**Student:** 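Take a look at this one; I'll ask things after.
Since the model is a prediction, treat every value here as computed from it, not as a measurement.
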Amino acid sequence: MDITQQRTSEGGDYCAAVLDVFSRRCVGWSIADHLRTELFVDAIDMARWRSKPVSTIVHSVREAQTVREAQTVREAQSVHFLAIRHPIARGRPVWIDRKVASSCENPPVTSFFGARQIELLDRRTWAIRAELATAIFEWIEAYYNPRRRHSALGYVDPMDYETLQPKAATAA
């Protein structure tokens, strides 16, 4: 999970995204004009509703703000496993749960936001927030998840990859 900001003439919009690391599919996302807890919680809720996981692992590279929000999520919902860490480069890692997540700095989400920036956001300026939100929705749901091919998946799109790997998907 990560959060980015995009400017419009009306001000900034924030987008939180949750990726399924197995298939690279964006399973949860939320767009808002603020960085309050709802942005984080809405993205997690969408991911849990869409993928119906046995447990939830959230890996984020955000600062203390995400730690506070993660604690709110954990208190508000039955998240079975929630690990939030800071990158090692920014100091000592902080864990909310005693279980340990990956030591990498979340490259799949970084790649997702980089692709979104190049393939969508850098191509034009955005006048109003609603226009930007619609464009992000269309990019994720009509292009990224069903059609964008990934080298990490053998040049298959995320939805086809999940279909082709049903046993591995349920085991993960």
**Student:** What is the distance from atom SG of Cys15 to atom CZ of Phe113, rounded to the nearest 0.5 Å?
**Tutor:** 5.0 Å

**Student:** Not counting sequence neighbours, list each pair that qualifies as a side-chain hydrogen bond (donor to acceptor under 3.5 Å, both in side chains) and has a residue in residues 121-141.
**Tutor:** Asp13-Arg129, Trp29-Glu141, Arg50-Glu141, Gln117-Asp122, Glu119-Trp139, Arg124-Glu131

**Student:** Which value, rounded to the nearest 0.5 Å, describes the distance between Ile128 atom CD1 and Thr8 atom OG1?
**Tutor:** 8.5 Å

**Student:** Could you go step by step and tell me if Ile140 and Arg116 meet the side chain to side chain contact (heavy atoms under 4.5 Å, CB included) rule?
**Tutor:** CA-CA 9 Å; Ile140 292 171; Arg116 187 191 68 157; 5.7 Å; no

**Student:** Using atom types as modelled and distance alone, determine if a side-chain donor or acceptor of Ser9 lies under 3.5 Å from a backbone N or O of Ala127.
**Tutor:** yes

**Student:** Does Phe112 share a hydrophobic cluster with Phe137, counting links as ILVMFWY side-chain heavy atoms below 4.5 Å and allowing steps through other members?
**Tutor:** yes

**Student:** If every non-hydrogen atom of Ala152 is compared with every non-hydrogen atom of Arg24, which pair is closest and at what distance?
**Tutor:** CB-NH2, 3.6 Å

**Student:** Nearest 0.5 Å, please: how far is CG in Leu19 from CG in Asn145?
**Tutor:** 8.5 Å

**Student:** In terms of hydrophobic clusters joined by side-chain contacts under 4.5 Å, are Met159 and Leu153 together?
**Tutor:** no

**Student:** Show the nearest heavy-atom pair for residues Val156 and Tyr161, with the distance to one decimal.
**Tutor:** CG1-N, 3.6 Å

**Student:** Looking only at heavy atoms, what is the nearest atom pair of Ser30 and Ala43, with distance?
**Tutor:** CB-N, 3.8 Å

**Student:** Considering non-hydrogen atoms only, spot the tightest contact between Ser23 and Pro158 and give its length.
**Tutor:** O-CB, 3.2 Å

**Student:** Hey, what do you get for CD (Glu10) to CG (Leu132), rounding to the nearest 0.5 Å?
**Tutor:** 10.0 Å

**Student:** Can you pull out every salt bridge (Lys or Arg N to Asp or Glu O under 4.0 Å) where at least one residue sits in residues 149-161? Sequence neighbours excluded, please.
**Tutor:** none

**Student:** How long is the straight-line distance from CG of Leu39 back to OH of Tyr14, given to the nearest 0.5 Å?
**Tutor:** 9.5 Å

**Student:** Ring-plane angle category for Tyr144 and His150, please: parallel below 30°, perpendicular beyond 60°, tilted otherwise.
**Tutor:** perpendicular

